[in-house]
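Position 1 is the first residue of the sequence, and the numbers go up from there.
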Amino acid sequence: MKVGILTLGCKVNAYESDFVMTKLKEAGFTISDFNDVCDVYIINTCTVTNTSDVKSRKMIRSAIRKNPEACVVAMGCFMEANKSFDIEGLDIVIGNKDKSKVVELIQEFMENKKKIRNLYNFSYTDFEDMQIKDFIGRTRAFVKIQDGCENFCSYCIIPYVRGKCRSKDMDKVIEEVHDLVENGYQEVVLTGIHTGNYGRDKSYCFSDLLKELVKIDGLKRLRISSIEITELTDEVLSVLEESSIIVDHLHIPLQSGSDAVLEKMNRKYDMAYFLEKIEKIRSIRKDISITTDIIVGFPTEERSHFEETLENAKKIGFSKIHVFPFSLRNGTKAEEFENIVSDSEKKKRSQELLALSKELERKYMSQFLNKMVEVLIENSGDSYSSGHTSNYLHVKVEKKLKQNTFYKVRLTKIVYPYLIGEVE
């Protein structure tokens, strides 16, 4: 039987979809393109913004139209946030639990043709174990170490659809990373909904995990998908200082550069704290790449607040800014705030911030021109190859090189968003 699977949203969803694909293959299913006529369609949904909701609904309906006789499965955050959503042709609904049981649920539906809806109260659920040994076609492996969030930022729906913080047992994380290295992966990315909060429900913490992972023979790079500034503790920074296995790149969400807006967002820091911590990180790793997320047009954000954000982003010197126009989520605290930012103003501020991001990105890239860097080749064609450095510079080399191999490359010019390099 042919299965088409579509993943929307974050890296955690991507990891979970890869696990589902692994289980489907083991059960004898054939993985096909989602646009093909398939016997089964699986949509791993997202609800982080209004656009995510629209796309989730659209893709569910699209699958039903492609083959009305197919078994259609919708799972993930959109289903958790919209528990009453149900349309003709949608056969299996699960939220953010039981994704590991998708194969059994499909087989159950095929046998009795009865709709299945499995949605739970996250107050009573444990971490759902998944383990992947191979990511077909990729040189970078992902490991989900944690699920859930209890920060309750006023704009964010995720704590309501992902539940409380739950961590994978440390022994299982170590085993999974070890297996991936044994299977040839040299770079591993740790991911979760609130990655730096790992171990909160256990007797250990994130720095304890990092200390063990950097000891694994054959692991060349360990990357953290995203981490809050408050979770870059002295213990975590100590591992960063002592081990070159942890890459020269941190993604640290700022969300706003204005203390007034940060307070309304229910973020757990102010700009003085953020700036002091960045200074400490750079005292350990001088050339580290620090990327971020910023929300534009939060309901209470005045023009002066946005200008503070621009100034602080320049002061910090981010190497890239991911810009998100504010999207109101029903059920969040932000619903109570007076919206003073029009859509047109949001768009204008987004463009300003994106222009600054491009300027800062080019500035960071230029520091490495005519320098030798180490690139892990991820894609290789007849005329060029590409990959990333430890500090996440995207490098192209006009030569066919071996995938999943490190090369010393001299960077010669910027062709945005790439750096061009020559193998020496």
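- With no hydrogens or angles considered, no side-chain donor-acceptor pair links T45 and S56 at under 3.5 Å.
- Taking 4.5 Å as the limit, some side-chain heavy atom of S167 sits within range of a side-chain heavy atom of D201.
- Salt bridge R162/E16: present, at least one basic N to carboxylate O contact under 4.0 Å.
- Checking S327 against T49 by side-chain atom types alone, no donor-acceptor pair falls below 3.5 Å.
- Counting only heavy atoms from C-beta outward, the side chains of V40 and M110 approach each other to under 4.5 Å.
- The closest donor-acceptor contact from the side chain of S386 to the backbone of K396 lies at 3.5 Å or more, if one exists at all.
- A distance of 12.0 Å separates CD1 of I5 from CZ of F29, quoted to the nearest 0.5 Å.
- Between E374 atom CD and R221 atom CZ the span is 6.5 Å, to the nearest 0.5 Å.
- Counting heavy atoms from C-beta on, the side chains of F19 and K144 never come closer than 4.5 Å.
- Among all heavy-atom pairs drawn from I43 and A63, the shortest one is CD1-CB, 4.0 Å.
- Ring centroid separation for the pair F142 and Y15 does not come in under the 6.0 Å cut-off.
- Of the possible donor and acceptor atoms, one in the side chain of E301 sits under 3.5 Å from a partner among the backbone N and O of G297.
- Closest non-hydrogen pair, F337 versus K264, comes out as CE1-O, 3.5 Å.
- We find the CZ-CZ distance between R57 and F85 to be 7.0 Å, quoted to the nearest 0.5 Å.
- Between the side chains of E231 and H194, at least one donor N or O sits under 3.5 Å from an acceptor N or O.
- Looking only at atom types and distance, the side chain of K348 has no donor-acceptor partner in the side chain of S344 under 3.5 Å away.
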(request) Show your working on side-chain hydrogen bond (donor to acceptor under 3.5 Å, both in side chains) between K66 and S62 and close with a plain yes or no. (result) CA-CA 6 Å; K66 282 188 186 79; S62 172; 2.8 Å; yes

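- One finds a salt bridge joining R267 and E228 here, because a Lys/Arg side-chain nitrogen approaches an Asp/Glu carboxylate oxygen to under 4.0 Å.
- The shortest distance between side-chain heavy atoms of L250 and I224 falls below 4.5 Å.
- Ring to ring, H251 and H322 are close: their centroids are under 6.0 angstrom apart.
- Closest approach of L232 to I252, counting heavy atoms only: CD1-CD1, 3.6 Å.
- Side-chain atoms of L222 and L190, non-hydrogen and from C-beta on, do get closer than 4.5 Å to each other.
- In summary, E422 and R410 do not engage in a salt bridge, as defined by a charged side-chain N under 4.0 Å from a carboxylate O.
- Counting heavy atoms from C-beta outward, T195 and S225 have side chains that approach closer than 4.5 Å.
- A salt bridge links R303 with E352: the distance from a Lys NZ or Arg NE/NH1/NH2 to an Asp or Glu carboxylate oxygen falls below 4.0 Å.
- Between D126 and R166 there is no salt bridge, since none of the side-chain N atoms of the basic residue sits less than 4.0 Å from a carboxylate O of the acidic one.
- Within the cation-pi definition used here (under 6.0 Å to the ring centroid, within 45° of the axis), K97 qualifies as a partner of Y120.
- Remark: the K99 side chain and the N44 side chain contain an N/O donor-acceptor pair separated by less than 3.5 Å.
- The side-chain hydrogen bond (donor to acceptor under 3.5 Å, both in side chains) with Y416 is formed by just one residue from the set R362, H394, E361; it is E361.
- Contact detail for Y185 and D134: the closest heavy-atom pair is OH-OD1, 2.7 Å.
- The cationic atom of K220 (NZ for Lys, CZ for Arg) does not lie both less than 6.0 Å from the six-membered ring centre of F406 and within 45° of the ring axis.
- Counting heavy atoms from C-beta outward, V72 and L90 have side chains that approach closer than 4.5 Å.
- The side-chain contact (heavy atoms from CB on, under 4.5 Å) test with V20 singles out one residue from T22, D18, L24, and that residue is L24.
- When every heavy atom of N197 is checked against every heavy atom of C165, the shortest pair comes out as ND2-SG, 3.3 Å.
- Tested against L411 for a side-chain contact (heavy atoms from CB on, under 4.5 Å), the candidates N370, L393, I420 yield a single pass: L393.
- No option in C153, S256, S258, P299 other than S256 meets the side-chain contact (heavy atoms from CB on, under 4.5 Å) test with M265.
- Applying the salt bridge (Lys or Arg N to Asp or Glu O under 4.0 Å) test to D169 and every residue at least two apart in sequence or in another chain returns K202.
- To the nearest 0.5 Å, atom CG of residue N391 and atom CD1 of residue I288 are 9.0 Å apart.
- Shown here are the side chain to side chain donor-acceptor pair (under 3.5 Å) partners of K172, two or more places apart in sequence or in another chain: D129.
- L262 places none of its side-chain heavy atoms less than 4.5 Å from the side chain of F274.
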(request) Could you walk me through whether K413 and V415 pass the side chain to side chain contact (heavy atoms under 4.5 Å, CB included) test, one step at a time? (result) CA-CA 7 Å; K413 61 181 176 180; V415 180; 4.2 Å; yes

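- Here the closest non-hydrogen pair linking I193 and Q146 is N-OE1, 3.0 Å.
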